[in-house]
Structure formats: C-alpha cells, structure tokens
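Below is one structure, written out as structure tokens, with a few remarks after it.
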Amino acid sequence: MTNLPISIIIVGAGFAGLTAAIECHRKGITNILLLERSPSLSPLGDIISFGQNSSRIFNNWGDLRRQLDPIIHKAEEVHFHDSKGRYVTTQSFKEEHLAWGARINGHRGEIHSLVYNYALSLGITIRLGTSISEYFETPDHAGVKTTGGEILAADLVVAAEGVRSKARQLVLGHEDKPLPSGYAVFRTWFPTPPEIYSNPLTKHLVENGDTHHAWIGTDVHFLVASIKNGREISWVCTHADSSDIDESWQFPGKIPEVLDVVKDWDPAVLALVNVTPENRLFDYKLVFRDPLPTFISPESRTILIGDAAHPFLPTSIQGASQAMEDGVVLAVCLSKIRGDKTKLKEAAKVWERIRYDRVHRIQKTGVQTREQWHKADWGAIWKNPESLHLLREAWVLDFDSERDASDRYEQVKEDLEGEGKPSAQGGQ
Ligand SMILES: Cc1cc2nc3c(=O)[nH]c(=O)nc-3n(C[C@H](O)[C@H](O)[C@H](O)COP(=O)(O)OP(=O)(O)OC[C@H]3O[C@@H](n4cnc5c(N)ncnc54)[C@H](O)[C@@H]3O)c2cc1C
C-alpha cells in the first residue's frame, strides 16, 4: 500500500479516535499521534451495542473479530414487559442477523481494550495522560496545546474527545456548552451473584445463557442483559432527571435512588436492583446539543468526529457506530486525495457532506424510540404490542460506510464545486 504523507493528531482514544487512527493507518497514513487524557484504560463500563453498520468495521481489523467472539452478548431477541412485569412482546433479531450480519454487543471496557491493543499492535503512537486544553490552526497546519503547555502540530487535527469537546470553540468561533437533556441513566455491570440464580423471580435472566429483557414505564425504561452465558449481568435504567449539570455528568449511583424511580415495579426488577453492588452503579446525566452548522474549522485543518460533533441518545443505539463510521469515511476521503496536502480542504468538505445528513437523521431515531417507550399509550400497545419494538431500518444498519464513501466521493466533490460555497450550512 502507498504511504500517504499526511500527519494527523487525533485527540481522544474513544471509539471515534481509535477507529479514525486504525482506518487512516489501513489506508496508508502512518504519521499518526493519538493523544488521550486518561492515564490508563478503565476496566469499568457497561454494555455497548454496535449495529451491523459498525460491527462490519471490526471484520477488517486483523484477528479482532475472533477475539471479540467469547465476550459478546449472544441473545438474539429482547422480551418486553410493562412496568408491573406483564409480558408484552418479543422482538427477534434472527432475521436481520441472517440478512445484514451479526451485531456486536458487549462490555464497553472489554471491547475498547481489544480495539486499543489492536491500534497499538499496528504501531500507532498513543500517548496516555495527555490532556488538550486548546486548539489552533493556520492555513498550513493545525495544532493543540496540552495542559502541560506543550505545543504539537500536524497537517490535520481530528478532535474525537467526546461530548465536552474543546475543539468546538475553534470550529464554531464561540463556546458551546452541552445542555441537560432532562434524562439520566443508572448503569451497571457486575458478575452474576448467587442470589440471582436462586431467586425464582430472576433466575430466568441467567440460567439459560444470555438473555435480554426490557420493562417500559411512563418516562422510565429498564433494560437487562445477561452475558457470557449468564455469568455477568448488566442493566440500565433511563429516567427523567431535572438535575443541573455543570462540569461533572457521571456520578456514583445510589441504590435507594433507583428503587425510588422503579417503586411499585415488577418485583423481578426490584430484586435485581437490590442485589446490585452499589460500587458498580453509575448515574449518568445525559447531555443534549443542538446540531452544529458544521463539523470543520474555518481552515478545514481541524475536524470534529464522534460525540464531539454529534452526541447521541442511548436509545438510538448508534452513538458508537456513528463515531466509528466518521473515522472510516475520513480515512476514505484522505485516501482519495492520495496524501496531497493541498487538497486537505477538499477531503474535509467531502467528508462533512457525506456524514452530516446521515448522523443527524439517525440522531432523531433516538428521540423517536425514547418517546415511543416513555410516552407509550398502553391502550394502543396492548392492541399492537409490536409498536414497542426498536426501529431496525436497513438504511441505518445494512450500510457499508467505507464502500458508500468510496463510491460517492467524486460526485460529492463535484456537487460541492458546483455549489461553490461551504458545505452543510443549515444541514438537515
Ligand atoms: C449512557 C450511554 C449509553 C450509551 N450506549 C450506547 C450503545 O449501546 N451503543 C452505541 O452505539 N452508543 C451508545 N452510546 C453512545 C456512545 O457511547 C458514544 O456515542 C461513543 O462512545 C462516542 O465515542 P467518542 O469516541 O466520540 O467519545 P468518547 O467515548 O467520549 O471518547 C472521548 C475520549 O476523549 C478523551 N478526552 C476527552 N477530553 C480530552 C482532552 N481534553 N484531551 C485528551 N483527551 C480527551 C476521553 O478521555 C475519552 O477517552 C451511549 C452513550 C451514553 C451516554
């Protein structure tokens, strides 16, 4: 493969940053520096789901797909109940697995660690414990300043530092703080304790391998997944939350607060919450951001990807997938200009145009599913239980972002040239 002479700094080693690094490397860019604030990888976390559109990306990464196999969630259906525990419906994913390929769901920390190690195995330089405080650019290069005062520069800076991105200031020209969404999520993952196996209310969750169950109430939903043949269990409880958020948005969770949210619910839910180790429980305040007018800086030398550009509600089940697609498409666009630095602006603009409508259309599906569950009209649901099912749409899931970008690059470039103006103003 031809070596493409572009230097890239990527900030943030989440799924967006790691995918961008791995995919750019795959396309022949070797001068990559990945900077991550955390001093070490955190083994903590809970469940993360990758749709078929991003699960396919792992298939291109050496032996990684095989390494993922023992740790991924194997259930192929989700069983829905109302808050009192009355069974409503089952949604099966078997057909879509046959048609569109398998999904990867598993422990965020475990999957992240495999991807991180794969990036290291390629020789990508990753500096942990490096926090970026500032972004800058000139027409010829872009750069970052670390909190230690070090200045680093490259042809292109990719800001993949999540929902609190500092690069938004450079891209937008003003500070843009995330807003509380009015919702929070209690999240946990822990080894299945003996009480879950012995309790007749909960043993079905774990004793026959991996399972997936959902309980839907007014303005609250509670999802449980057992994994590794039932030996580990994860649950999330999304609920309305009016607390204000400032700098922190992830807090230690409190079991009594969860019990308060699900009081009078199915005794199986209460039993599960009661055996949850409090030190494995997190209270995650969901932030909201209006769609940005653009993802790229005025000189097109700094670009926002992943949650830095477009945070997703968990109910879209696409945040990490779209973060990965961003990286894949970026690598395709950079390969199309064959390392010609004078064409970086072209590649960035085409990348943005390819990504902009898709991510914003998919963002809306998260709101749709949350409203469909939280504001459910139960009279209508008992008549049509399948109305609780998750949206599973081919245009989102049966999608190859690499092939699509490769096929459309020239046309999008011509469209932009024809318009003769910056891309994506006003967007969706
Ligand atoms: C509660 C919850 C549940 C979710 N569940 C799912 C799911 O099931 N499926 C799904 O697809 N998506 C899910 N998402 C969304 C998904 O987690 C995110 O969209 C995705 O992880 C975004 O990846 P990212 O790499 O853009 O950002 P992040 O994962 O936030 O990574 C950003 C990285 O940048 C680092 N960083 C931050 N600031 C700096 C700095 N100044 N300098 C250097 N480094 C910095 C951080 O330490 C971090 O490692 C969920 C989100 C939430 C909030």
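Computed from a predicted structure; not experimentally measured. In listed order, ligands and their atoms are each counted from 1. Worth knowing before you read on, the calculation uses all heavy atoms, side chains too, and leaves out hydrogens, waters and symmetry mates.
Between Ala16 and ligand 1, an N or O atom pair is found at a separation short of 3.5 Å. Looking at ligand 1, you won't find any N or O of Val185 less than 3.5 Å from one of its N or O atoms. At a 3.5 angstrom cut-off on N or O pairs, Ala320 counts as close to ligand 1.
Ring orientation note: the planes of Phe222 and Trp235 are close to parallel, at an angle under 30° on the 30°/60° scale. The aromatic rings of Phe50 and Phe15 stand perpendicular to each other, their planes meeting at an angle above 60°, with 30° marking the opposite boundary. The aromatic rings of His97 and Phe93 sit parallel to each other, their planes meeting at less than 30°, with 60° as the upper class boundary. Aromatic ring pairs are classed by plane angle as parallel below 30°, tilted from 30° to 60° and perpendicular above 60°; the pair Phe80 and Trp373 is perpendicular.
Not a single side-chain contact (heavy atoms from CB on, under 4.5 Å) links Ala99 to another residue, sequence neighbours left out.
The proximity of Asn105 to ligand 1, defined as any non-hydrogen pair under 4.0 Å, does not occur for either the backbone or the side chain. At a heavy-atom distance under 4.0 Å, only side-chain atoms of Val11, from C-beta outward, approach ligand 1. Under 4.0 angstrom from ligand 1, there are no non-hydrogen atoms of Pro311. In Arg164, neither the side chain nor the backbone holds a heavy atom less than 4.0 Å from any atom of ligand 1.
The single protein non-hydrogen atom nearest to atom 19 (O) of ligand 1 is Asp307 OD1, 2.7 Å, given as residue, atom name and distance. Atom 40 (C) of ligand 1 has its closest protein heavy atom at Ile132 N, 3.7 Å. Of the protein's heavy atoms, Ser49 O, 2.9 Å lies nearest to atom 9 (N) of ligand 1. Among all non-hydrogen protein atoms, the one lying nearest atom 4 (C) of ligand 1 is Arg108 NH2, 3.6 Å. Nearest protein heavy-atom contact of atom 2 (C) of ligand 1 is Arg187 NH1, 3.4 Å. The protein heavy-atom contact nearest to atom 48 (C) of ligand 1 is Glu36 OE1, 3.5 Å. Here the protein heavy atom with the shortest distance to atom 52 (C) of ligand 1 is Pro314 CG, 4.0 Å. For atom 44 (N) of ligand 1, the closest non-hydrogen atom on the protein side is Arg37 N, 3.1 Å.
Counting the atoms of ligand 1 from 1 in the order shown, those under 4.0 Å from a heavy atom of Phe15 are 25 (O). Less than 4.0 angstrom separates some heavy atom of Thr130 from each of these atoms of ligand 1: 42 (N), 43 (C). In summary, the atoms of ligand 1 found under 4.0 Å from a heavy atom of Ser38, numbered by their order in the structure, are 47 (O). Ligand-side atoms of ligand 1 in range of Gly12: 33 (C), 34 (O), 35 (C), range being under 4.0 angstrom from any heavy atom. Interface of Leu286 with ligand 1, defined as ligand atoms under 4.0 Å from a residue heavy atom, comprises 53 (C). Within ligand 1, the atoms closer than 4.0 Å to a non-hydrogen atom of Ser321 are 11 (O), numbered from 1 in the order shown. Using a 4.0 Å cut-off to heavy atoms of Gly306, the atoms of ligand 1 that qualify are 26 (O). Listed by number with element, the atoms of ligand 1 under 4.0 angstrom from any heavy atom of Ala160 are 32 (C), 33 (C), 34 (O).
Every heavy atom of Gln322 sits 4.0 Å or more from the atoms of ligand 1. Within the structure, ligand 1 lacks Asp46 among the residues with a heavy atom less than 4.0 angstrom away. Ligand 1 lies nowhere less than 4.0 angstrom from a heavy atom belonging to Phe312.
Using a 4.0 Å cut-off between charged side-chain N and carboxylate O, Arg26 and Glu402 make a salt bridge. Between Glu352 and Lys349, no side-chain nitrogen of the basic residue sits less than 4.0 Å from a carboxylate oxygen of the acidic one, so the salt-bridge criterion is not met. Between Asp219 and Lys375 there is a salt bridge, since at least one side-chain N of the basic residue sits less than 4.0 Å from a carboxylate O of the acidic one. Checked for salt-bridge contact, Arg127 and Glu150 meet the test: a charged N lies under 4.0 Å from a carboxylate O.
For the 3.5 Å distance criterion, the side chains of Thr315 and Thr369 fail to qualify, holding no donor opposite an acceptor. A donor-acceptor contact closer than 3.5 angstrom links the side chains of Thr89 and His389. With hydrogens and angles left out, the side-chain atoms of His310 and Asp326 include a donor and acceptor closer than 3.5 Å. Side-chain polar atoms of Thr365 and Ser316 form no donor-acceptor pair below 3.5 angstrom. Under 3.5 Å, the side chains of Asn60 and Glu23 contain no donor-acceptor pair of N or O atoms.
The ring pair (Phe, Tyr, Trp, His ring centres under 6.0 Å) contacts involving residues 144-193 comprise His107-Trp189, Tyr183-His374, Phe186-His239, where partners must be two or more places apart or lie in separate chains.
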